[in-house]
Undergrad: 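Have a look at this one before I ask anything.
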Amino acid sequence: QVQLVESGGALVQAGGSLRLSCAASGRTFSRYAMGWFRQAPGKEREFVAGINWSGGSTYYADSVKGRFTISRDNARNTVYLEMNSLKPEDTAAYYCAVAATSGVVFDMRGYDSWGQGTQVTVSS
């Protein structure tokens, strides 16, 4: 099992930027793909971005493509989500998760460990 701790969430104005971090421990981090998901009040949790084990492949939801960047530092057991040009519709709790495989998974069911979430609120 792996433990994940997210940080970096905050209240920010529209057009602003944030960088989320997710620190992992308890498993060989570098072997597995990682993902960021988000959940707004009253909505289902949705895929935001994913990165494979090496960082060589990344995928994004259409809603964040061109604005968000996922990256990882396997030496630090940390994955990041750089968020730019934030919009009010980006407001949600953001969760990082570890996939059960080395390749990116888009379905929540493909992830077996989750962080507690960090809140991002974008004001208009």
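What you see below is based on every heavy atom in this structure, not just the backbone, and it leaves out hydrogens, waters and symmetry mates.
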Undergrad: Quick one: do M34 and V120 end up in the same hydrophobic cluster if we chain Ile, Leu, Val, Met, Phe, Trp and Tyr together by side-chain heavy atoms under 4.5 Å apart?
TA: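 Yes.
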Undergrad: Taking V122's backbone N and O only, do any of them form a donor-acceptor pair with T91's side chain (distance below 3.5 Å, no angle check)?
TA: yes
Undergrad: If you take all heavy atoms of A99 and V105, which pair is closest and at what distance?
TA: CB-CG2, 4.2 Å
Undergrad: Against the six-membered ring of F29, is R72 placed for a cation-pi contact (under 6.0 Å from the centre, within 45° of the normal)?
TA: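 Verdict for F29: a cation-pi partner in R72.
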Undergrad: According to salt bridge (charged side-chain N to carboxylate O under 4.0 Å, His left out), does anything in residues 8-19 pair up with another residue at least two apart or in another chain? List the pairs.
TA: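 Of all non-adjacent pairs touching residues 8-19, those that pass salt bridge (charged side-chain N to carboxylate O under 4.0 Å, His left out) are R19-E82.
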Undergrad: I need the full list of salt bridge (charged side-chain N to carboxylate O under 4.0 Å, His left out) pairs touching residues 52-63, with sequence neighbours left out, sorted by first then second residue.
TA: D62-K65
Undergrad: Using the six-membered ring of Y95, assess whether NZ or CZ of R45 lies under 6.0 Å from its centre and within 45 degrees of the ring axis.
TA: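 Yes, a cation-pi geometry.
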Undergrad: If the condition is side-chain hydrogen bond (donor to acceptor under 3.5 Å, both in side chains), which residues does T121 pass it with, not counting sequence neighbours?
TA: Q119
Undergrad: If a pair satisfies disulfide (SG to SG under 2.5 Å) and one of its residues is in residues 28-69, list it, with sequence neighbours excluded.
TA: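 For residues 28-69: none.
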Undergrad: On a heavy-atom basis, which atom in L4 and which in A24 lie closest, and how many Å separate them?
TA: CD2-CB, 3.5 Å
Undergrad: Could you name each residue pair satisfying disulfide (SG to SG under 2.5 Å) that touches residues 82-124, not counting sequence neighbours?
TA: C22-C96
Undergrad: Hey, quick one: are W36 and M108 part of the same hydrophobic cluster, counting side-chain heavy atoms closer than 4.5 Å, chains of contacts allowed?
TA: no
Undergrad: Between D73 and T78, is any side-chain donor less than 3.5 angstrom from a side-chain acceptor?
TA: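 The criterion, which ignores hydrogens and geometry beyond distance, is not satisfied for T78 and D73.
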Undergrad: For Q3, enumerate each residue passing the side-chain hydrogen bond (donor to acceptor under 3.5 Å, both in side chains) test, keeping only those at least two apart in sequence or located in another chain.
TA: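 side-chain hydrogen bond (donor to acceptor under 3.5 Å, both in side chains) check on Q3 returns nothing, list empty.
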Undergrad: Disulfide (SG to SG under 2.5 Å): which pairs involve residues 34-89, sequence neighbours left out?
TA: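 Applying disulfide (SG to SG under 2.5 Å) to every pair that reaches into residues 34-89, excluding sequence neighbours, yields nothing.
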Undergrad: Keeping the roles fixed (side chain from E6, backbone from G117), state whether a donor-acceptor pair exists under 3.5 Å.
TA: yes
Undergrad: Name all pairs fulfilling the disulfide (SG to SG under 2.5 Å) condition that reach into residues 30-87, sequence neighbours left out, sorted by first residue then second.
TA: none
Undergrad: Taking only residues two or more places apart in sequence or in another chain, which ones pass salt bridge (Lys or Arg N to Asp or Glu O under 4.0 Å) with R31?
TA: none
Undergrad: Looking only at heavy atoms, what is the nearest atom pair of A49 and L81, with distance?
TA: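 In this case the closest contact between A49 and L81 is CB-CD1, 4.1 Å.
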Undergrad: Can you give me the closest heavy-atom contact between Y60 and T69, atom names plus distance?
TA: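 It is OH-CA, 3.3 Å.
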Undergrad: Closer than 3.5 angstrom, by distance alone: can the side chain of T28 be matched with the main-chain N or O of S30 as a donor-acceptor pair?
TA: no
Undergrad: Report the residues that fulfil ring pair (Phe, Tyr, Trp, His ring centres under 6.0 Å) with F68, sequence neighbours left out, ordered by chain and then residue number.
TA: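 Applying ring pair (Phe, Tyr, Trp, His ring centres under 6.0 Å) to F68 gives none.
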Undergrad: Could you walk me through whether R67 and K87 pass the side chain to side chain contact (heavy atoms under 4.5 Å, CB included) check?
TA: CA-CA 10 Å; R67 300 188 296 121; K87 304 175 181 180; 3.8 Å; yes
Undergrad: Membership question, hydrophobic clusters at under 4.5 Å side-chain separation (ILVMFWY): are V98 and Y59 in the same one?
TA: no
Undergrad: Going by the side-chain hydrogen bond (donor to acceptor under 3.5 Å, both in side chains) test, which pairs reach into residues 99-115, not counting sequence neighbours?
TA: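 Non-adjacent pairs meeting side-chain hydrogen bond (donor to acceptor under 3.5 Å, both in side chains): Q1-S113, R27-D112, D107-R109.
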Undergrad: Report whether Y80 and V104 are members of the same hydrophobic cluster (ILVMFWY, side-chain heavy atoms less than 4.5 Å apart, transitive linking).
TA: no
Undergrad: Please report the closest heavy-atom contact between N84 and S17, naming both atoms and the distance.
TA: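 Closest pair (atom of N84, atom of S17, distance): OD1-OG, 2.8 Å.
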Undergrad: Can F37 be reached from V79 by stepping across I, L, V, M, F, W or Y side chains whose heavy atoms are under 4.5 Å apart?
TA: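 No; tracing contacts between hydrophobic side chains, which count when under 4.5 Å, never links both residues.
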Undergrad: Side chain of N52, backbone of S57: donor and acceptor closer than 3.5 Å?
TA: yes
Undergrad: Please list, chain by chain and in numerical order, all residues satisfying side-chain hydrogen bond (donor to acceptor under 3.5 Å, both in side chains) with Y94, sequence neighbours excluded.
TA: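 Result, side-chain hydrogen bond (donor to acceptor under 3.5 Å, both in side chains) vs Y94: R38.
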Undergrad: Do you know which two heavy atoms are closest between L18 and G8, and how far apart they sit?
TA: CD2-O, 3.9 Å
